[in-house]
Each structure stands twice: as structure tokens, then as C-alpha cells.
Novice: 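What follows is a structure written as C-alpha cells; I'll ask about it next.
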Amino acid sequence: MADYNINKIRNIGIIAHIDAGKTTVTEGVLFTTGRTHKIGEVHEGNTVMDWMDQERERGITITSAATTCQWREHQINIIDTPGHVDFTVEVERSLRVLDSAVVIFDGKMGVEPQSETVWRQADKYSVPRICFINKINQTGGDFEKSLNSIKERLTHNAFPIHIPIGFEKDIRGVVNVVSMKAYTYKDFMDKDLVEEEIPNDLLEKANQYRNQLLEKVVESDDVLLEKYLNGDELTNEEFISAIRKSLISGEIFLVMGGDGRGIIVKTILDAIVDYLPSPTEVKPIKGFDVKDESKEIARKSSVDEPFSALAFKIATDPFVGTLTFFRVYSGVLTANSYILNSSKNEKERIGRIVRMHANHREDVNTVYAGEIAAAVGLKSTSTGDTLCDNNKSILFESITFPEPVINMAIEPKTKADQEKMSIALSKFVQEDPTFKVSSDLETNQTIIAGMGELHLDIIVDRMKREFSVEANVGKPQVAYKETIKGTAKAEGKYIRQSGGRGQYGHVWLEVETNTDKGYEFINKIKGGTIPSEYIPAINKGVQEAFSKGILAAYPVVDTKVTLYDGSFHDVDSSEMAFSVAASIAVQEACRKADLVLLEPIMKVEVIIPDNFLGDAMGDLMSKRAQIDNTSDRPNLKVIDAHVPLAEMFGYATQLRSITQGRGTYTMEFAHYNEVPKNIAQNIIEDRSSANRRK
């Protein structure tokens with residue numbers, strides 16, 4: 001504990017759109033802090049943080065990787081997250097347990113679609129942020145333009161603390177508007193920055209940005225505001241303290257820029273230490289009393305508080321088995337001790353504790369409040385579970401994840417592959433809450449579901465490499481859903497008599513739309529018309545009918561079901577009879593209540609050379625796209641649209657064909673919408689004929 005100082009810990013996430021340079025910046029940080037001896041290159045497949053084979057081959061981050069480094073006697077715990085929307089789960093669960101984030105932007109592109117997504121995720125958890133505009137040294141890199149896009153599309157409260165010296169390939173340093181000093185380098189791989197006076201051509205701009213920041217941060221401090229209004233200069237320490245206070249409270253976001261590979265990374269590290277919060281500077285974590293969930297409990301980030309932690313990621317390690325990543329919010333945890341998983345009310349033994357450096361492990365005996373570590377071999381713990389002291393239990397709010405939007409059938413090629421596939425899929429489900437596995441009872445096929453084609457492609461590839469499973473894979477299918485638009489009532493009766501004891505169940509149900517609130521069951525039975533012991537069976541019957549679907553065998557969502565009448569038989573009634581009666585009633589009621597099909601709508605951004613705008617727009621319109629906006633970038637056009645997922649399969653090939661290989665696009669889930677009636681009818685008929693063939 002001699003080296004432990006909670007005020008010198010920073011827990012940060014590196015978040016961004018795909019290809020903005022997150023992993024490269026993280027590699028620069030590790031090199032600059034002495035954690036590694038060279039900077040890995042994504043395109044060469046030799047980065048520390050992208051350690052999976054699939055990551056190195058494809059040049060993208062797939063899974064979040066954790067590491068720790070030291071800077072100015074501070075311990076910086078870093079989680080490098082993926083930028084691709086298919087792996088948004090990694091960003092969600094990382095931000096849930098981090099105290100702050102560095103958001104990377106591509107200086108040539110500014111704010112991109114996934115930049116907005118990760119920004120919203122950070123807003124959800126009130127995470128303080130520093131923005132780093134990367135690649136401004138490359139052709140097309142523009143700090144000012146990217147800064148304006150942050151202000152226009154994300155927040156008006158973005159304030160630069162650095163402005164670049166030079167433009168594009170001639171960039172040679174930054175001006176720090178807080179210290180009002182320039183820091184320059186001759187080569188981006190120099191060992192040190194040279195402190196200089198601010199060049200005359202940047203002095204006016206530096207003063208302008210400094211005054212804007214100063215006016216904003218003194219607003220929340222009466223003493224400093226009075227000093228400022230009296231015309232007195234703030235000391236450097238007062239100014240930094242005021243910036244830090246405003247950043248931690250979420251009133252401002254700081255903006256920096258440069259080439260994330262080299263010496264300029266020192267300025268990022270300094271900003272992390274100077275401005276981002278330690279665990280003690282964020283609000284105490286709130287939870288609930290396990291015995292009474294209406295009673296709220298708060299735990300401060302202190303070793304003097306009872307132990308509490310949140311498990312935020314499960315990973316399978318080929319050498320040690322299951323790794324459970326957790327953030328310690330309070331207290332101390334030692335190896336070979338017992339703790340309580342309060343989410344499942346089960347005790348867990350903590351055998352080994354490791355600190356992760358990407359896929360390398362360093363054994364530690366003790367972890368303290370504010371730290372991030374991983375435990376080896378926990379039996380019952382899954383993502384979002386609370387771990388706590390056996391005698392001082394607490395339950396934290398779990399992590400919510402989006403539902404999968406795409407699925408496909410998968411079959412093992414041989415009997416030998418069958419068991420291996422089951423083991424592999426169960427491990428992937430444990431690791432990834434956005435990956436689901438189910439069985440089609442009619443065909444006995446295994447159905448896997450995920451967030452996109454790439455997501456499922458990676459799963460299948462990992463099965464082959466890590467578990468030696470050979471499998472046949474079907475075409476990706478859209479995860480349609482069903483819902484009702486109206487209100488209706490229906491009766492369900494299940495009466496069977498066969499010699500001995502019969503079956504008797506009788507219910508009246510009302511269904512109504514429950515937009516964006518999921519499934520809800522309300523029991524309005526009074527006077528014992530139906531005995532209370534049969535109510536759970538009725539609820540179960542409704543849920544089973546909804547899971548199987550009514551219109552086209554897709555799950556029914558966002559529907560409220562009210563049980564308001566019925567009858568029973570003293571001898572013949574049973575749980576099974578009421579379950580079947582409920583299923584009959586709810587299916588009939590939904591059919592009367594304007595049952596419709598829903599489809600996932602994707603937010604799409606298409607970037608093309610300007611001379612292909614007409615062709616690309618026409619192609620999108622043929623896909624039932626709703627064009628939201630078109631904008632300009634140097635020699636490029638950007639189309640923002642909402643397009644049904646069903647129309648986007650194979651779009652990458654089509655776009656390349658239209659634009660002579662020069663167009664690119666990004667896509668992320670936006671919402672579910674009703675399928676037009678003519679298209680819905682085709683889907684229903686195709687589904688029916690497929691079921692008949694089975």
C-alpha cells in the first residue's frame with residue numbers, strides 16, 4: 001500500500017469513431033510513459049492493444065483492452081475501446097466504470113457518426129471529457145474546422161486549451177492558452193518538447209481563446225469571479241484549478257490537437273493529470289440495500305469504506321480460463337478471500353487477482369478503491385454484477401445493453417463439432433451481452449444474433465480459430481419484431497375432458513400498445529374469479545405466445561396485457577390449462593388490435609467524391625432511405641440518411657461499384673419502425689412458406 005495514493009489515480013477511456021486513431025494514440029501513450037519500447041502501427045498489425053488475430057488482420061479494435069501506465073507519479077488506468085458500431089457494447093460497459101474519457105477525432109473528418117454515439121454514451125454516465133483532434137498534420141487535417149464541428153454537433157461548451165503551430169505537414173507544436181507558452185518539436189519522435197514564446201501570428205488568437213475559457217470557468221467560483229471582475233490576474237494554479245472544477249462538473253470540455261503518435265502525447269498526459277478527476281473527485285457511487293431495494297446507499301471512493309465493485313467485462317483467456325474485469329469503488333480486496341455477488345446472492349472465492357496490460361497479466365495480491373483489475377475463475381459472476389463485502393452488502397445498478405438487430409442460422413459440420421460449438425457459443429454469450437443464442441424448435445437449428453454482419457462474422461471466425469469448430473452459416477437475417485397499434489379484448493378457453501380429470505382454463509384479456517416500455521402484465525382479477533395461484537401461469541402463457549410471435553413468428557414487443565376476468569373449475573383447472581387459455585386469448589386479441597411488423601432502421605453516413613452524389617442518392621432512395629442531410633468536405637460529399645437494415649445487405653459492394661471504389665459508409669442502429677404493408681405482406685408470406693417447407 002506504500003505506493004497507493006487514490007488522489008493520484010486516473011481511470012480513463014479512449015473512445016472515438018472507427019479509424020480516428022484511438023489505438024495509435026494509446027500506443028503513443030504507452031511508449032511515452034516507458035510502458036513499451038516502440039510505437040506499434042495498426043496497419044502493420046503489431047500494436048500492443050489490438051492483440052487479437054482478427055484485430056491485427058483487419059486493422060480495427062474489436063474488444064476493449066485495459067492497461068496501466070505511470071506519468072508524473074500518477075497511475076493512469078486506460079481502456080482502449082472499439083470504434084466500430086457493432087462492438088458498441090465495449091464502449092457502454094467501459095464508460096459505466098470509468099471516471100473520465102479522452103475522445104479522439106480524425107482531424108480530416110471532424111465529428112463522425114460514431115463520434116456522436118460515443119459522446120451520447122459518455123453523456124449518459126456524466127463522464128468528464130478531453131477532446132483530442134488527431135491527424136491534423138496530414139493532408140486535409142484542420143484543427144479549426146474539427147473544433148467547429150464539435151461545437152455544432154456535440155456541445156457548445158468545447159474550449160481549446162491548445163492551438164496548433166503550423167498547418168497540415170508543417171505542424172511543429174502547440175500553443176498552451178493556459179500557460180501562454182508555445183511548445184515545439186522538430187520531429188514528432190523527438191524526446192522532449194521545447195518551450196518557447198508564442199509566435200506573433202498566433203498571439204491574438206491565443207488571447208481570444210484564453211479569455212473565452214477564463215470567462216466560462218470563473219462563472220462557477222464566486223471568489224475567482226470577483227477577482228476577475230476587479231481586473232486582477234488569476235495565478236496559473238487558480239486558473240488550472242478552476243478549469244479542473246468546471247470540467248469535472250460537466251460545464252466544459254477541453255480540446256487539444258496534434259499527431260497522436262509522438263512527442264505531442266506528452267501534452268495529453270499532462271492534461272489527464274492536471275484536469276481529469278481522481279476517483280475521489282467524482283460523486284460517490286450509489287446503490288441499493290440488498291434486503292430493501294427502496295433504500296439507497298452511497299459508497300465513497302475510500303479504502304476505509306466496505307469493499308464494493310462492479311464486474312463490467314468477462315473474457316475467456318486460453319491460459320487461465322475466465323477473467324472477470326471489475327472496478328473497485330470502495331474498500332480493499334485481497335487474493336484468496338471470499339466476497340458476495342449481491343446480484344445473484346452467491347458467494348465467490350477470489351483466487352488470483354491480475355492487473356491487465358492488453359493480453360498480458362501481472363499478478364497482484366491486493367487492489368484498492370479506485371483501481372481496475374481482473375479476477376481469475378469466478379464461477380457465477382457475469383457482466384453488470386455487483387461484488388461486495390459479505391457483511392456490508394450493496395447492489396449497484398446493472399448495465400443495460402441494446403438488443404441484437406441481425407441473426408443467422410449456424411450448424412456444426414460434424415457431430416464432433418456439435419459439442420465444441422455449444423461450449424464456444426456459451427462462452428461468447430458470457431463475454432458479450434449483445435450476442436444471443438437461441439434454437440428454432442421447428443428446424444432444430446441454432447440461431448445466433450448480434451449487432452451487425454461484422455459482429456457475427458467475428459464470432460464465427462473466433463469459433464473456428466479458438467475452438468476448432470467447423471460450421472455452416474446461413475445468410476444474415478433481419479431481427480424483425482411485432483407489435484400492436486390499437487386496443488382489443490379477447491376470450492381464451494381451454495377445456496378438455498378425457499375420462500379422468502380434465503383441463504379447464506378460462507380468461508379474458510385486454511391488450512394495448514405500450515410504446516417503448518416493453519412488456520407489461522397487469523392483474524385486475526378481483527373476488528377470486530381466478531385463484532391467485534394461476535396468475536403466474538397466465539403471465540407465462542402470454543409471454544410464451546409473445547416470444548413465438550403471432551403475425552410472422554417474430555417476438556411481440558411493447559405491449560401491455562391486462563387480465564380482467566375469467567373462471568375456473570374446482571377439480572379440472574390447472575396451471576397448464578390457464579397458460580394455454582392465456583396464449584389463445586392474447587393471440588386473438590393482438591390480431592384484433594392492428595398487429596404490425598417492425599424493422600430496424602439504421603443511421604447511415606455515406607462519404608463519396610462529389611461527382612458521384614446523384615448516383616449514390618438515387619441508390620439510397622431505391623433502398624427506402626430517408627435522406628436527412630447532405631454536407632460538404634474537401635472534394636467530398638456526405639449523405640446522412642436513415643435506411644432499413646433489410647436494404648443494406650451487400651451495400652459495401654454496391655457503393656464501391658457506384659463510386660469506382662472510392663466511396664465509404666458507416667452504419668449504426670437508430671430505432672425500430674413499422675414495415676410498409678406491401679413489404680410486410682411479402683415477409684409474412686415468405687416466412688409462412690419457409691415454415692411449410694420445414
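Note that the coordinates shown come from a computational prediction; the quantities given were computed from them, not determined experimentally.
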Novice: Within 45° of the axis and under 6.0 Å from the centre of the six-membered ring of Phe521, does NZ or CZ of Lys560 qualify?
Specialist: no
Novice: Do the ring planes of Phe87 and His455 sit parallel (below 30°), tilted (30 to 60°) or perpendicular (above 60°)?
Specialist: perpendicular
Novice: Does the pair Lys517/Glu520 count as a salt bridge with the N-to-O cut at 4.0 Å?
Specialist: no
Novice: Evaluate whether atom NZ of Lys540 has more than 12 neighbouring non-hydrogen atoms of other residues, nucleotides or ligands under 6.0 angstrom away.
Specialist: no
Novice: Tell me whether Glu90 is salt-bridged to Lys313, with the criterion being a basic N under 4.0 Å from an acidic carboxylate O.
Specialist: yes
Novice: Side chains of Phe325 and Ile314: closer than 4.5 Å at any heavy-atom pair?
Specialist: no
Novice: Please report the interatomic distance OG(Ser583) to CD(Glu544), rounded to the nearest 0.5 Å.
Specialist: 7.5 Å
Novice: Is the gap between the ring centers of Phe546 and Tyr554 under 6.0 Å?
Specialist: no
Novice: Would you call Arg462 and Glu431 a salt bridge, taking side-chain N to carboxylate O under 4.0 Å as the test?
Specialist: yes
Novice: Is there a side-chain contact between Thr446 and Leu425 (heavy atoms, below 4.5 Å)?
Specialist: yes
Novice: Should the pair Tyr534 and Phe578 be assigned to parallel (<30°), tilted (30 to 60°) or perpendicular (>60°) ring geometry?
Specialist: parallel
Novice: Is it true that Asp363 and Arg352 make a salt bridge, defined as a side-chain N closer than 4.0 Å to a carboxylate O?
Specialist: yes
Novice: Between Glu371 and Arg355, is there a side-chain heavy-atom distance shorter than 4.5 Å?
Specialist: yes
Novice: May I ask you to check whether Tyr329 and Phe326 place their ring centres under 6.0 Å from each other?
Specialist: no
Novice: Side chains of Asn341 and Ser380: donor-acceptor distance under 3.5 Å anywhere?
Specialist: no
Novice: Do the charged groups of Asp389 and Arg299 touch, with an N to O distance under 4.0 Å?
Specialist: no
Novice: Tell me whether Ser302 contacts the main-chain N or O of Asp304 through its side chain, where contact means a donor paired with an acceptor under 3.5 Å.
Specialist: yes
Novice: Distance-only criterion, 3.5 Å: show the donor-acceptor pairs between side-chain atoms of residues 391-406 and protein atoms not counting sequence neighbours.
Specialist:
| residue | atom | partner | partner atom | Å |
| --- | --- | --- | --- | --- |
| Ser398 | OG | Gly384 | O | 3.3 |
| Thr400 | OG1 | Lys124 | NZ | 3.4 |

